[in-house]
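Structure first, commentary second.
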Number of protein chains: 2
Amino acid sequence: MGCSTIVSVYTPAEVVEETGFTLDTLRYYEKIGLLERVERNSAGQRRFTQEDIGWLGTIRCLRDTGMPIAEMLRFAELVRAGDHTIADRIKLLEEHDRRVEGQIDNLIERKRYVSNKISYYRSVL
Amino acid sequence: MGCSTIVSVYTPAEVVEETGFTLDTLRYYEKIGLLERVERNSAGQRRFTQEDIGWLGTIRCLRDTGMPIAEMLRFAELVRAGDHTIADRIKLLEEHDRRVEGQIDNLIERKRYVSNKISYYRSVL
DNA sequence: GCTTGACCTGGAGTGCACTCCAGGTGGGAT
DNA sequence: ATCCCACCTGGAGTGCACTCCAGGTCAAGC
């Protein structure tokens with residue numbers, strides 16, 4: 001059964017580089033269960049898998065669109081629970097998507113106000 | 001000198017209604033100097049002016065576009081310092097405007113990722 | 001005239017999302 | 001063999017922006 005799959009593995013430093021999260025943040029995410037227990041080498045040091053990297057990409061995206069950790073945690077649980085939760089995941093993401101839409105619209109609206117203010121100041125210079 | 005200007009004045013409750021800030025937030029903003037010392041009636045209760053309302057509108061906008069309080073404070077100081085700071089105000093707002101632009105772009109980018117994820121989940125349902 | 005409720009002050013507490021620290025272990029280049 | 005640096009753990013600390021509280025005053029409608 002000489003299974004010779006090459007499972008590419010990442011050190012903490014590589015993951016920091018790759019994902020842009022700090023090591024402390026990574027550890028924090030693991031501690032609170034947003035990241036599932038990461039594998040360790042014999043010395044107890046973390047060795048991240050490609051899958052971890054992928055999941056961290058999702059986290060990054062959700063986080064940067066303003067999803068609170070509690071909700072990401074809920075999403076993580078759904079993902080772990082298996083394929084029968086896909087409908088729920090869709091629901092969660094769709095709701096988030098609508099909020100992001102709202103955020104963008106609001107930001108565009110507010111930006112107009114800022115731009116107008118700048119124009120006004122320019123006009124009185 | 002019977003000066004009979006009608007200076008419309010707002011009670012705290014009216015300002016809360018108008019601006020969407022809580023009374024506590026309004027007091028907090030005054031305490032830290034983001035809002036200049038608000039007028040009081042004989043009983044020491046706040047009576048906001050039209051100008052206060054306008055300024056709170058600006059605050060709302062800057063806040064909702066993610067400007068930290070420290071920077072709003074700096075902007076407030078510039079405004080109070082008089083017209084010779086207009087160039088600085090423009091600089092500050094332009095910088096902020098660029099950041100907001102970046103935020104919007106980033107959000108749009110991330111939103112695409114979320115939408116794709118939703119599509120993917122839909123395809124495997 | 002009395003009650004109710006809006007408002008006051010100073011200061012303490014909250015929630016979120018990290019971020020830092022002390023004290024220690026192990027791997028790997030020289 | 002040695003040294004340094006990445007990494008480990010548990011737990012405490014930080015920064016931001018509020019938010020809440022106790023204990024009190026005033027105004028205005030009934």
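Order of the sequence lines sets the chain letters (A, B, ...), proteins ahead of strands, with each chain counted from 1. As the structure is a computational prediction, the values presented were derived from the model and not from experiment.
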Between [N] and [X], is there an OP1 or OP2 to side-chain N/O distance shorter than 4.0 Å?
{"X": "B:S42", "N": "D:dA27", "result": "yes"}
{"X": "A:Y28", "N": "C:dC20", "result": "no"}
{"X": "B:T25", "N": "D:dT19", "result": "yes"}
{"X": "A:R46", "N": "D:dC7", "result": "no"}
{"X": "A:R40", "N": "D:dT9", "result": "yes"}
{"X": "B:Y29", "N": "D:dA17", "result": "no"}
{"X": "B:R27", "N": "C:dC8", "result": "yes"}

Can you check the [X] [atom1] to [N] [atom2] distance for me, whole Å?
{"X": "B:K31", "N": "D:dT19", "atom1": "NZ", "atom2": "P", "value": "13 Å"}
{"X": "B:M72", "N": "D:dC18", "atom1": "CE", "atom2": "P", "value": "7 Å"}
{"X": "B:L34", "N": "D:dA17", "atom1": "CG", "atom2": "P", "value": "10 Å"}
{"X": "A:L62", "N": "C:dC16", "atom1": "CG", "atom2": "P", "value": "18 Å"}
{"X": "A:M67", "N": "C:dC16", "atom1": "CE", "atom2": "P", "value": "15 Å"}
{"X": "A:E17", "N": "D:dA6", "atom1": "CD", "atom2": "C1'", "value": "15 Å"}
{"X": "B:I59", "N": "D:dA17", "atom1": "CD1", "atom2": "P", "value": "12 Å"}
{"X": "B:I32", "N": "D:dG15", "atom1": "CD1", "atom2": "P", "value": "16 Å"}

Report the residue (A:N41 or A:F21) whose heavy-atom-nearest nucleotide on DNA chain C is the more 5′ of the two. A:F21

Lys/Arg-Asp/Glu bridge criterion (N-O < 4.0 Å) met for B:E109, B:R112: yes

Salt bridge between A:E71 and A:R74, side-chain N to carboxylate O under 4.0 Å? no

Is there a side-chain contact between [X] and [Y] (heavy atoms, below 4.5 Å)?
{"X": "A:Y29", "Y": "A:R63", "answer": "yes"}
{"X": "A:K117", "Y": "B:R89", "answer": "no"}
{"X": "B:F48", "Y": "B:T11", "answer": "no"}

Per [X] side chain, nearest of listed nucleotides [options]:
{"X": "A:P68", "options": "D:dC7, C:dA17, C:dG27", "result": "C:dA17"}
{"X": "B:P12", "options": "C:dC8, C:dT19, D:dT19", "result": "C:dC8"}
{"X": "B:D24", "options": "C:dA17, D:dT19, C:dC8", "result": "D:dT19"}

Once you apply a heavy-atom cut-off of 4.0 Å, does A:R63 come out as touching a base, just sugar-phosphate, or nothing? sugar-phosphate

B:T49 and B:Y10: side-chain donor and acceptor closer than 3.5 Å? no

Nearest-nucleotide wise, let me know which of B:Q45 and B:A70 is further upstream toward the 5' end of DNA chain D. B:A70

